[in-house]
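First comes the structure, then the notes that go with it.
Chain A is the first sequence line, chain B the second, and so forth, proteins listed ahead of strands; every chain is numbered from 1. Given the structure is predicted, the values throughout are model-derived calculations rather than measurements.
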Protein chains: 2
Amino acid sequence: MSTVTAMPVGPGGTRYKEVKEAMLAALTAQEWKGGEVIPSEKKLAERFGVSIGTLRKAIDELCAENILIRHQGLGTFVAQHRRDRHFFRFFRVARRDGDQTYPVVTLVNFKRAKCTPAVAARLNIDDGTRLFVFTNALALHEKVVVVDTVMLPETKFPGLTESMLRSRSNTLYNFYQDAFGINVTGTDERLRVAYASELESKLLEVDVGAPVLEVERVAYSLNQKPVEYRLTRINTEHYEYIANTTKASENA
Amino acid sequence: MSTVTAMPVGPGGTRYKEVKEAMLAALTAQEWKGGEVIPSEKKLAERFGVSIGTLRKAIDELCAENILIRHQGLGTFVAQHRRDRHFFRFFRVARRDGDQTYPVVTLVNFKRAKCTPAVAARLNIDDGTRLFVFTNALALHEKVVVVDTVMLPETKFPGLTESMLRSRSNTLYNFYQDAFGINVTGTDERLRVAYASELESKLLEVDVGAPVLEVERVAYSLNQKPVEYRLTRINTEHYEYIANTTKASENA
DNA sequence: AAGTGGTCTAGACCACTAC
DNA sequence: TAGTGGTCTAGACCACTTA
């Protein structure tokens, strides 16, 4: 093969990283939406002016981050949050005997409020910014064991209403993706012991002030911007939170 | 270039997976030890009878799993557990303000015991198997906030003594690696609220029965076999456990 | 200067899916 | 059969490290 000098690489880094960033930009701009197929590798290679191998390396990384999904013979798709796939990547509560089931979610309340300084810092927005705030009770094996309080900046979820939340047919993150084009790709969580509030004690059927496991979550979207703040409280009498550092990414 | 029919691929799967398994076997057999450099890509490609590209794909995955580390211009090395690198991958406690520091470890006691059924199930060994059991108090910012109780099967750690644990100069997992050739590559953890025992209450300076965060960990070695059982109890008054699902694997 | 890994290419062939 | 992604190859050139 002849010696072809590669196209010059921009100052940012390497060709495939540039391609990856360009694809992330296209995804953020909703050029391709959740569940849709993206153009073939051949076409994308032409579009970005790189060889198939380089294009594939960019897609490799996006797949490793669960942003794209490849299907041999079918094409490459924008990953979609679904109840039946990757749900337990974000819902990490299981019964102590290991049994994992889908929670039955009940919306307990829905209101608007202004952002407190602590939450503002986590969401990287101004103190006092208007938020949607709602609480879900999650039942496992017919009993409520998790209470979620979710806070969303109004500007990122324009037009969100209580009835939209009640009538959604899939997961919350699927709803964010379909209705607002917000693709949650990762979360940071901090866990600690906390004490049940009056509302929580009723829902969880524990005494007021009983110790519960608190999970403070910030969810990030495609462009690494925080989009959701969530405070989860779990009755760990019969259930527990599962974490791992196993990098169980690509196991055939 | 001429059309070269690739070597037949074994029934197990693909060429690069075969190469990866062969390298894992070599690592498990301690052909290359922690911190050592492995042969160059060119030599390994010759040894396994594949092209550089295929060999690289195998190494790519081993690097993604933190088993190998590449250094451009230097070579590829067997990842070594070190206090100054990847330490916080396994030590996930930080102060509530986010400050992460290295714990000061004190060995509180060391004994031998027989395995209980619950631990036997986690470690996938027989009930009653002999174990080393020891407890560490971990201080952060000059105060004990974490108490670890570690259980190791005697057969996997032959000759382990209390003084070896006291005189180790690096992390526990570094010690496993150097002294016993056991390379911890991942952990499964389950978190729940528990209540301080007498010993824990003294060390953590809380009341007996005070709620603490319990982390039950099983650590796995290169060949995915469980090698360590650990019960961690944390006083989360000023500290917390950090988890994330961000897949922050390869960020330049 | 020599050796290492890092990137990129151009193309072949295979496996899977849909029509 | 056509089109997709999956694997593999053989090699060029670049960037980094050590001496």
Pairwise salt bridge (Lys or Arg N to Asp or Glu O under 4.0 Å) hits with a residue in residues 38-54 of chain A, at least two apart: A/E31-A/R47, A/E41-A/R56, A/E41-A/R70, A/K42-A/E46
Can you list, in residue-number order, the parts of residues 33-47 of chain B that come under 4.0 Å of DNA chain D, counting heavy atoms only? none
For A/E18 and C/dT7, give me the distance from atom CD to atom C1', rounded to whole Å. 12 Å
C/dG3 C1' sits how many Å from B/F77 CZ, rounded? 13 Å
List for me each residue that meets side-chain contact (heavy atoms from CB on, under 4.5 Å) alongside B/T161, sequence neighbours excluded, and say none if there are none. B/S163, B/M164
Measure CD1/B/I59 against P/C/dG5 and give the value in whole Å, please. 7 Å
Side-chain N or O of A/R70 less than 4.0 angstrom from OP1 or OP2 on D/dT4? no
Any residue meeting side-chain hydrogen bond (donor to acceptor under 3.5 Å, both in side chains) with A/D148, in chain and number order, not counting sequence neighbours: A/R230, A/T232
So B/F175 and B/F180, would you call those rings parallel, tilted or perpendicular, with 30° and 60° as cut-offs? perpendicular
Just jot down the side-chain hydrogen bond (donor to acceptor under 3.5 Å, both in side chains) partners of B/T54, sequence neighbours excluded, or say none. B/S51
Per B/R56 side chain, nearest of listed nucleotides D/dA10, C/dG5, C/dT9: C/dG5
Counting just side-chain N and O atoms, does A/T54 come under 4.0 Å of either OP1 or OP2 of C/dT9? yes
Going by side-chain contact (heavy atoms from CB on, under 4.5 Å), name the residues that satisfy it together with A/D188, two or more places apart in sequence or in a different chain. A/Y220, B/N244, B/T246
Please enumerate all residues that pass side-chain hydrogen bond (donor to acceptor under 3.5 Å, both in side chains) together with A/S221, with sequence neighbours excluded. A/N223
Please list, pair by pair, any protein nitrogen or oxygen found under 3.5 Å from a nitrogen or oxygen in nucleotides 15-19 of chain D.
residue	atom	partner	partner atom	Å
D/dA15	N3	B/Q72	NE2	2.9

Check whether any side-chain N or O of A/Y16 sits under 4.0 Å from OP1 or OP2 of C/dT7, and answer yes or no. yes
B/H71 NE2 to C/dG3 C1': how many Å, rounded? 16 Å
Figure out the CZ/C1' separation between B/R15 and D/dT9, and round it to whole Å. 11 Å
In this structure, how many angstroms lie between the C1' atom of C/dT9 and the CD1 atom of B/I52, rounded? 15 Å
Rounded to whole Å, NZ of A/K17 lies from P of C/dG6 at a distance of 13 Å
N/O (side chain, B/T76) to phosphate O (OP1/OP2, C/dG5) under 4.0 Å: yes
In whole Å, I'd like the distance from the CG atom of B/L62 to the C1' atom of C/dG5. 15 Å
So does A/K57 get a side-chain nitrogen or oxygen closer than 4.0 Å to the phosphate oxygens (OP1/OP2) of C/dT7? yes
Within the structure provided, determine whether A/L44 and A/I38 are in side-chain contact (heavy-atom separation under 4.5 Å). yes
With sequence neighbours left out, what residues match B/E240 under side-chain contact (heavy atoms from CB on, under 4.5 Å)? A/R190, A/R192, B/R96
